[in-house]
**Q** 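Dropping a structure here in structure tokens format, bear with me for questions.
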Amino acid sequence: GQTVSQWSDPTTGVSFWRYHEQELDATWGYIFPPISGGAAPDDFIGIFQASSSTGYIGNSLGGSMRSNPLLVAWVDGTTPKISSRWAESYSPPSLYTGPRITILGSSGSNSQYQRIVYRCQNCTSWTGGVNGISPNGTHVFGFAYHSVSKPNTPSDINSGLYRHTHAGQYALDVGNARTTSYDDFLKILVNAPPLSG
Ligand code: HEM
């Protein structure tokens, strides 16, 4: 089962819109700032959450794996990591610069689950693929998940990695995920303690 719905994160109280894969008990969540002055801001906050034994969790900002920015996240022990990647074909993605990623508080791992919460700037438009995230209305994102294997060198965001055990797409309404509380949520997340233990 798969659902897209609003979800209040019990750890921080921040309300994300998320795709939830029940079988994997994995979450891909987003919030976007309000559109002001007619120009779409290039910023969003995202969360990846899965069991602590999961290898990695990632997304495609444009739905398809090919020709769109990919983010892949994992924990090295309890240290959260995110790497931005790009692939022109269904083969191991290369490093990709463009997204400015800041890992936010409440990220880490405990005995049950891992979560990587991040701010992604310069992340809503690019050249190639679908060229960007729809500023309003439905947008198709992709997901990728490895149930057991971390990247080969977990400390290194440039590390090689194995092909996902699960991948697919989901549609999420970006307009719904825009919130006037964006700046407040960002503050809460910047200040939240890391997840550990
Ligand atoms: C789909 C290969 C890594 C994101 C696919 C498919 C292949 C493939 C063959 C289509 C069949 C399927 O759904 O499984 C690979 C290989 C990788 C790799 C060889 C080597 C490491 C990644 C990574 C991400 C990613 C790191 C994102 C962080 C996706 C997404 C889809 C997908 C979102 C579903 C949408 C689509 O079919 O384009 N991949 N992948 N892949 N992959 Fe990958």
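Along the sequence shown, residues carry numbers from 1. Order of listing sets the numbers, starting from 1, for every ligand and every atom in it.
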**Q** Below 4.0 angstrom from a heavy atom of Gly142, which ligand 1 atoms are there? Numbered from 1 as shown, please.
**A** 33 (C)
**Q** I would like to know whether Phe141 and Tyr30 meet ring pair (Phe, Tyr, Trp, His ring centres under 6.0 Å); could you show each step before the answer?
**A** CA-CA 11 Å; Phe141 292 91; Tyr30 305 86; 4.4 Å; yes
**Q** Show your working on ring pair (Phe, Tyr, Trp, His ring centres under 6.0 Å) between Tyr56 and Trp74 and close with a plain yes or no.
**A** CA-CA 5 Å; Tyr56 69 74; Trp74 66 91; 7.6 Å; no
**Q** For atom 21 (C) of ligand 1, grab the closest protein heavy atom and report residue, atom and distance to one decimal in Å.
**A** Leu161 CD1, 3.3 Å
**Q** As an exercise, identify every atom of ligand 1 less than 4.0 angstrom from a heavy atom of Asn59.
**A** 27 (C), 28 (C)
**Q** Show your reasoning for whether side chain to side chain donor-acceptor pair (under 3.5 Å) applies to Ser53 and Ser51.
**A** CA-CA 5 Å; Ser53 58; Ser51 78; 3.1 Å; yes
**Q** Describe, in one word, how the ring planes of Tyr19 and Tyr170 are oriented to each other, choosing from parallel (under 30°), tilted (30 to 60°) and perpendicular (over 60°).
**A**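 If you compare the ring of Tyr19 with that of Tyr170, the planes turn out parallel.
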**Q** Going by the closest heavy atom to atom 35 (C) of ligand 1, which one wins out of Ser67, Ser60, Gly63?
**A**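 Nearest option to atom 35 (C) of ligand 1, by heavy atoms: Gly63.
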**Q** Can you list the ligand 1 atoms lying under 4.0 Å from a non-hydrogen atom of Tyr162?
**A**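 Per the distance check, 21 (C).
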**Q** Stepwise, does the side chain to side chain donor-acceptor pair (under 3.5 Å) test hold for Arg85 with Ser83?
**A** CA-CA 6 Å; Arg85 309 274 174 125; Ser83 177; 2.6 Å; yes
**Q** Counting only heavy atoms, which portion of Leu71 has something under 4.0 Å from ligand 1: side chain, backbone, both, or neither?
**A** backbone
**Q** Quick one: which ligand 1 atoms are inside 4.0 Å of a heavy atom on Ser64?
**A**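 Selected atoms, number and element: 38 (O).
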**Q** Does atom CD of Gln22 have more than 12 heavy-atom neighbours, drawn from other residues, nucleotides or ligands, at distances under 6.0 Å?
**A**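 Atom CD in Gln22 is packed in, count exceeds 12.
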**Q** Give the minimum heavy-atom separation between Leu189 and Ser106, together with the two atoms involved.
**A** CD2-OG, 4.2 Å
**Q** Do you know how many protein N, O or S atoms are within a distance smaller than 2.8 Å of atom 43 (Fe) of ligand 1?
**A** 2
**Q** Any ion pair linking Asp9 and Arg115 (charged N to carboxylate O, less than 4.0 Å)?
**A**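 Result for this pair is yes, salt bridge flagged.
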**Q** Between Tyr118 and Phe48, does the ring centre distance come in under 6.0 Å?
**A**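 Yes - the distance between ring centres of Tyr118 and Phe48 falls below the 6.0 Å cut-off.
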**Q** Please report which non-hydrogen protein atom sits nearest to atom 20 (C) of ligand 1, along with the residue it belongs to and the distance in Å to one decimal place.
**A** Pro92 CA, 3.5 Å
**Q** Run the side chain to side chain donor-acceptor pair (under 3.5 Å) test on His139 and Asp173 for me, step by step, so that the C-alpha distance in whole Å, both residues' side-chain angles and the decisive distance to 0.1 Å come before the verdict.
**A** CA-CA 6 Å; His139 179 75; Asp173 190 314; over 6 Å; no
